[in-house]
Amino acid sequence: MKNIAVIYWSGTGNTQQMALAVAEGAKGQDISVDVKEVGSATLKDIEDSDAVALGCPSMGCEVLEESEMEPFVQAMEGLDLKGKPVVLFGSFDWGDGQWMADWEERMTSLGVKLADVGLKVHNTPDEAGLELCRELGRKLALA
Ligand SMILES: Cc1cc2nc3c(=O)[nH]c(=O)nc-3n(C[C@H](O)[C@H](O)[C@H](O)COP(=O)(O)O)c2cc1C
């Protein structure tokens, strides 16, 4: 049985919708998927998972949400994540996606195996956006 953790922060629900669709795509035979808001997730969830999907919208000025997601990602930087399959996703509005580029670079420097490029969806995901999320989940499950 493969364990996949989907951990996200969402203020107005857009990234939450993405998280649920990523989880839907990742589910399969012999794959168990656990979806958690970052506020109730722990580093053990990361350590116990074979693959991890992390979601956070662009906040502040092109940064991760600062009270829960940023500290969680900082704490992850203390783990040995070399080779662990990871995907990143999140919603944004007016920016150019810099928060995602920075996040990808940060995760890559930890030695994780990014199973795909970070998925950015403008505001609330429509059906096409949700399908991209499911596809991201499928890729993570195969990674
Ligand atoms: C305080 C705040 C800061 C934001 N900063 C950015 C930003 O720098 N760049 C951007 O593209 N969108 C920014 N947004 C827009 C959010 O990324 C967008 O509304 C997103 O859909 C929120 O996702 P959520 O529903 O998962 O919280 C910001 C929104 C808020 C409330």
Determine which pairs satisfy ring pair (Phe, Tyr, Trp, His ring centres under 6.0 Å) with at least one residue from residues 105-143, sequence neighbours left out, and list them in order. F92-H122
S91 side, atom OG; N123 side, atom CG - distance, nearest 0.5 Å: 5.5 Å
Suppose we screen for side-chain contact (heavy atoms from CB on, under 4.5 Å). Which residues come up paired with D102, at least two apart in sequence or across chains? Q98
Intermediate values then yes/no, salt bridge (Lys or Arg N to Asp or Glu O under 4.0 Å), E47 and K84: CA-CA 10 Å; E47 288 175 314; K84 187 167 289 234; over 6 Å; no
Treating Ile, Leu, Val, Met, Phe, Trp and Tyr as nodes and any side-chain heavy-atom pair under 4.5 angstrom as an edge, say whether L142 and V52 lie in one connected cluster. no
Members other than I4 in its cluster, when Ile, Leu, Val, Met, Phe, Trp, Tyr link by side-chain heavy atoms under 4.5 Å? V6, Y8, M18, L20, V22, I31, V33, V35, V87, F89, L119, V121, L132, L136, L140
Are W103 and C56 side-chain neighbours, meaning at least one heavy-atom pair lies under 4.5 Å? yes
Strictly by modelled atom types, are S49 and N3 linked by a side-chain donor-acceptor pair under 3.5 Å? no
With sequence neighbours excluded, what pairs up with S67 under the side-chain hydrogen bond (donor to acceptor under 3.5 Å, both in side chains) test? E65
Honestly curious: do M69 and L110 fall in one hydrophobic cluster under the side-chain, below-4.5 Å linking rule? yes
Determine whether L114 and E104 satisfy the following criterion, side-chain contact (heavy atoms from CB on, under 4.5 Å), listing intermediate values before the conclusion. CA-CA 8 Å; L114 285 181; E104 285 178 299; 4.1 Å; yes
Non-neighbouring partners of Q74 that pass side-chain hydrogen bond (donor to acceptor under 3.5 Å, both in side chains), sequence neighbours left out: E70
Heavy-atom side-chain contact between E77 and V73 under 4.5 Å: yes
May I have the step-by-step check of side-chain contact (heavy atoms from CB on, under 4.5 Å) for I46 and I7, ending in yes or no? CA-CA 9 Å; I46 303 285; I7 296 172; 3.8 Å; yes
Kindly indicate, with the supporting measurements, whether the criterion side-chain contact (heavy atoms from CB on, under 4.5 Å) is fulfilled by T124 and Q17. CA-CA 8 Å; T124 303; Q17 287 188 38; 3.7 Å; yes
State, yes or no, whether a side-chain contact exists between P57 and W9 at a heavy-atom distance under 4.5 Å. yes
Check for a donor-acceptor pair, side chain of Q16 on one end and backbone N or O of S10 on the other, with a separation under 3.5 Å. no
So CE of M76 and CG of L79: to nearest 0.5 Å the spacing works out to 6.5 Å
Using a 4.5 Å cut-off on heavy atoms from C-beta on, say whether the side chain of L64 contacts that of M59. no
For D50, is there an ion pair with K2 - N to carboxylate O distance below 4.0 angstrom? no
Distance (rounded to the nearest 0.5 Å) between D96 CG and K120 NZ: 8.5 Å
Hey, could you give me each pair passing side chain to side chain donor-acceptor pair (under 3.5 Å) that has a residue in residues 20-30? Not counting sequence neighbours. E24-R134
Side chains of E62 and M100, heavy atoms from C-beta outward: is any pair under 4.5 Å? no
Let's go through K36 and T42 carefully: what are the C-alpha distance in whole Å and the side-chain angles of both, what is the deciding distance for side-chain contact (heavy atoms from CB on, under 4.5 Å) to 0.1 Å, and is it a yes or a no? CA-CA 10 Å; K36 283 191 179 173; T42 66; 5.6 Å; no
Roughly how far, to the nearest 0.5 Å, is CG of D116 from CZ of R138? 12.0 Å
Neighbour count above 12 (heavy atom, 6.0 Å) for E127 CD: yes
